[in-house]
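Throughout, numbering of the chain's residues begins at 1 and tracks the sequence.
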Amino acid sequence: MAFLSTMPGTGALGAGVDAAAGAISGGPERFELIEEETSIGRHPDCHIVVDAGAVSRFHAKVVRQKGQFSVVDLGSRNGTYLNGQLLSGDQILREGDRIRISDIELVFHSESFPEFASDNSSELTFSGSSFGIVMVDDDSSDHSNSRIVSPQVEFEKSGDGLKMRATPEAKLEALLKINRNLSNTLSLDEVLPGILDSLFAIFPSADRGFIVMEAENDQLQTRWVKTRQTRDETETVRISRTIIRRVISTGEAILSFDAMEDSRFDSSESIADFSIKSMICAPLGDAEGNNFGAIQIDSTQGRGQFVEEDIDLLAGVAAQAGILITNAQMHEKALRQREVEQDLKLAQDVQKAFLPQSPPESPGFEVESFYQAANHIGGDYFDYIHLGDGRIAVVVADVVGHGVAAAMFMAKLSAETRFCLAGEADVAKAIERLNDRMSALEVERFVTFLLVVIDPASEFITVVNAGHMPPIVRNAQSGEITEPGSEESGLPIAIDSGMDYEAVSARFNAGDVMLMYTDGINEAMDANDNEFGIDAIRKLAAQKSDGRTIKDQIVEAVLEHVGDAPPFDDMCLVVIQRTAMPEHLDDERSVEAVDTVDEDVIDTSLR
């Protein structure tokens, strides 16, 4: 007499030759394989119905012919394995052969009901010519030896067919695995797949899972996807935003036995389009309760794959996952910040290379400088450019703003300034050409620019001002402070092309001191937002000190004024002192002095 058998603790199996989903709970139950062909699959018409997402509708069949049984794969999507080997064609079954279908292993017995299966074993055995069903460890690479002592999955009968559930032991093991394997993981590329792997162990009926997170532009971004069925990497995974948005906004997990018939999603065409049936979705949040994403597992294969208790389970996993993801994000942010700091340090070194490394060699002049960027690199610029005839152009400029963008614009300005001054002897026309070239870049930046040309052979300096603070000049004899070129200043560089600029000459005698600076000096603020001020610079410049002393005093006073307040802007200061006049001028004055003496002598002799 053929009969079906289940063992205590495994749940009930719905199966029967008439597809009537018969199931008995309690003691052992068995049935014989009496049909010529016994079909196994998810479809209700199968003789053995296993309603799991990874099992095909008609997965495999056992054929009885002339007293022998053979197993045949019916073109299933995940394949059928016999004793650990992928089944190809039909294979004759022998006593103890194990047939693996997804996460289920069937043990074939050709004679009587095995003795070991009559106790509380996890095997489900078909006596006569029969099968036993046992869950195997899906992580094992050796399918021929895959058999665990305690059951990982239990089956229960429902009106929709056989349902596969993870046992409490399996759920606990998966939760512990999440905590054990992921707590010390600081990479999202390891955290996200690890979470989904553990969820698939907890929810064996799920055939799809994914983690969605909000991006900076408030758009949803799918960060990781896992399916039980091997999928083409080019295949697009379609996800319903309706469900994800609802979970993120409400902060509450959702369980739906059949999303296509769920009144909460009536207006969502995507759910019907994706044929989502059973699904469960839980929010991802940080420790402060801010939701930034969601975890969803679902099944498109049948309704009722999840139960009420699963919603709390997934919500608990999601809460832990949210903390893990937050930690991983903070770690990755710290790594990116470290890389940025390293790049900025390198950029700082590069920018220093653009600035003069030593004062210019110009007889009769001493030049001192100070430069400090507000943030690693800055937009202030100064340079000493030899013009080829003994003259030296001293440039101080300030790109609007500071930081990386200003520094890059400054680098371009440096190159263009040297190019334009090298190609044009008239410095005013050279600055006009510089303005045209920088304006042609069409970058929303402008530059205040001050050029002073010093000439060892002349008692005059030449000033071209493009929207910058004029130089401050202290007369060594009178102590008078003047600011040449203040009224002749033109517009800053790169505001518009076609601008005219004027070169202004000013006498610069021995002992005179000149200051060129950017607004980071005069607008330096203390903790109460009080500026240092130009008057303070003029007062320090008026002191009867040499150029180096004046430079040091100004820098010290500015830094003391700022105190512990964060830097407001880049600072640049250049101080030029004339130490000697041209030799031919000294010779002329000597001649004039001799002539005067001779006349005095003659006059005396005449009297």
Side-chain angles (χ1 to χ4, degrees), residues 341 343-362 365-386 392-418 445-452 454 465-472 492-493 513-525 531-532 534 536-537 540-541 546-563 565-577:
E341 291 177 355
D343 289 343
L344 287 176
K345 180 61 173 65
L346 178 60
Q348 185 179 30
D349 295 338
V350 172
Q351 185 180 48
K352 287 181 178 179
F354 278 99
L355 302 176
Q357 306 302 305
S358 60
E361 295 181 359
S362 180
F365 293 93
E366 290 183 355
V367 181
E368 299 286 339
S369 64
F370 169 78
Y371 186 93
Q372 178 176 292
N375 298 319
H376 292 287
I377 53 177
D380 283 7
Y381 159 63
F382 77 101
D383 203 356
Y384 312 130
I385 304 171
H386 292 267
I392 296 177
V394 180
V395 178
V396 170
D398 184 2
V399 179
V400 62
H402 48 269
V404 176
M408 294 178 66
F409 201 70
M410 181 274 281
K412 178 64 173 176
L413 175 70
S414 172
E416 291 291 347
T417 300
R418 287 179 170 271
R445 297 271 170 177
F446 65 85
V447 186
T448 62
F449 186 95
L450 178 63
L451 170 71
V452 173
I454 57 177
N465 194 340
H468 199 83
M469 289 82 64
I472 297 176
I493 300 295
V513 176
M514 178 174 58
L515 279 65
M516 303 168 67
Y517 58 96
T518 59
D519 58 8
I521 299 292
N522 60 283
E523 295 180 358
M525 292 186 179
E531 292 186 355
F532 183 72
I534 294 180
I537 300 176
L540 290 170
D546 58 29
R548 173 176 294 182
T549 301
I550 291 175
K551 186 263 295 184
D552 292 341
Q553 289 177 341
I554 291 176
V555 170
E556 181 180 356
V558 169
L559 295 180
E560 183 178 354
H561 175 79
V562 172
F568 172 76
D569 199 355
D570 307 323
M571 298 181 187
C572 181
L573 173 65
V574 176
V575 179
I576 305 173
Q577 182 177 19

Run the salt bridge (charged side-chain N to carboxylate O under 4.0 Å, His left out) test against D569 and tell me which residues pass, sequence neighbours left out.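 Here no residue qualifies.
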Would you please name every residue forming a salt bridge (charged side-chain N to carboxylate O under 4.0 Å, His left out) with K412, sequence neighbours left out? E416
Side-chain touch I576/M516, heavy atoms, less than 4.5 angstrom: yes
Is the shortest heavy-atom distance from the side chain of D398 to the side chain of C572 under 4.5 Å?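 Heavy-atom side-chain distance check fails, nothing below 4.5 Å.
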Mind checking what makes ring-ring contact (aromatic ring centres under 6.0 Å, His included) contact with H561, not counting sequence neighbours?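 For H561, the residues satisfying ring-ring contact (aromatic ring centres under 6.0 Å, His included) (neighbours in sequence not counted) are F532.
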Once ring-ring contact (aromatic ring centres under 6.0 Å, His included) is applied, do any residues pair with F382, and if so which ones, sequence neighbours excluded? Y384
For S414, give me all partners under side chain to side chain contact (heavy atoms under 4.5 Å, CB included), at least two apart in sequence or on another chain.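 Only F354, Y381, D383 meet the side chain to side chain contact (heavy atoms under 4.5 Å, CB included) criterion with S414.
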Please confirm whether the backbone N or O of Y517 pairs with a side-chain atom of H468, one donor and one acceptor, at under 3.5 Å?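 It does hold such a pair.
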May I ask you to decide if L355's main-chain N or O and Q357's side chain share a donor-acceptor pair within less than 3.5 Å? yes
CA sep, side-chain torsions, deciding dist, call: T417, F449, side-chain contact (heavy atoms from CB on, under 4.5 Å): CA-CA 10 Å; T417 300; F449 186 95; 3.8 Å; yes
Interatomic spacing from [atom1] in [X] to [atom2] in [Y] - rounded to 0.5 Å:
X: I550; Y: E368; atom1: CD1; atom2: CD; answer: 11.0 Å
X: M571; Y: F370; atom1: CE; atom2: CZ; answer: 6.5 Å
X: N522; Y: L573; atom1: CG; atom2: CG; answer: 11.0 Å
X: Q577; Y: F365; atom1: CD; atom2: CZ; answer: 11.0 Å

Identify the heavy atoms of [X] and [Y] that sit nearest to each other, and give their distance.
X: P360; Y: H386; value: CB-NE2, 4.4 Å
X: P470; Y: L450; value: C-CD2, 4.4 Å
X: G467; Y: T448; value: O-CG2, 3.2 Å
X: V575; Y: G547; value: CG1-O, 3.5 Å

With sequence neighbours excluded, tell me which residues meet side chain to side chain donor-acceptor pair (under 3.5 Å) with D380.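 D380: side chain to side chain donor-acceptor pair (under 3.5 Å) contacts with T518.
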Tested for side-chain contact (heavy atoms from CB on, under 4.5 Å) against I521, the lone hit among I554, D570, V555 is I554
What do the steps show when you test M469 against D519 for side-chain contact (heavy atoms from CB on, under 4.5 Å), and what is the final call? CA-CA 8 Å; M469 289 82 64; D519 58 8; 4.0 Å; yes
If you count the non-hydrogen atoms of other residues, nucleotides and ligands that lie under 6.0 Å from CD in E523, is the total more than 12?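 Above 12, so yes.
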Neighbour count >12 (heavy atoms, 6.0 Å) for atom CE, M525: yes
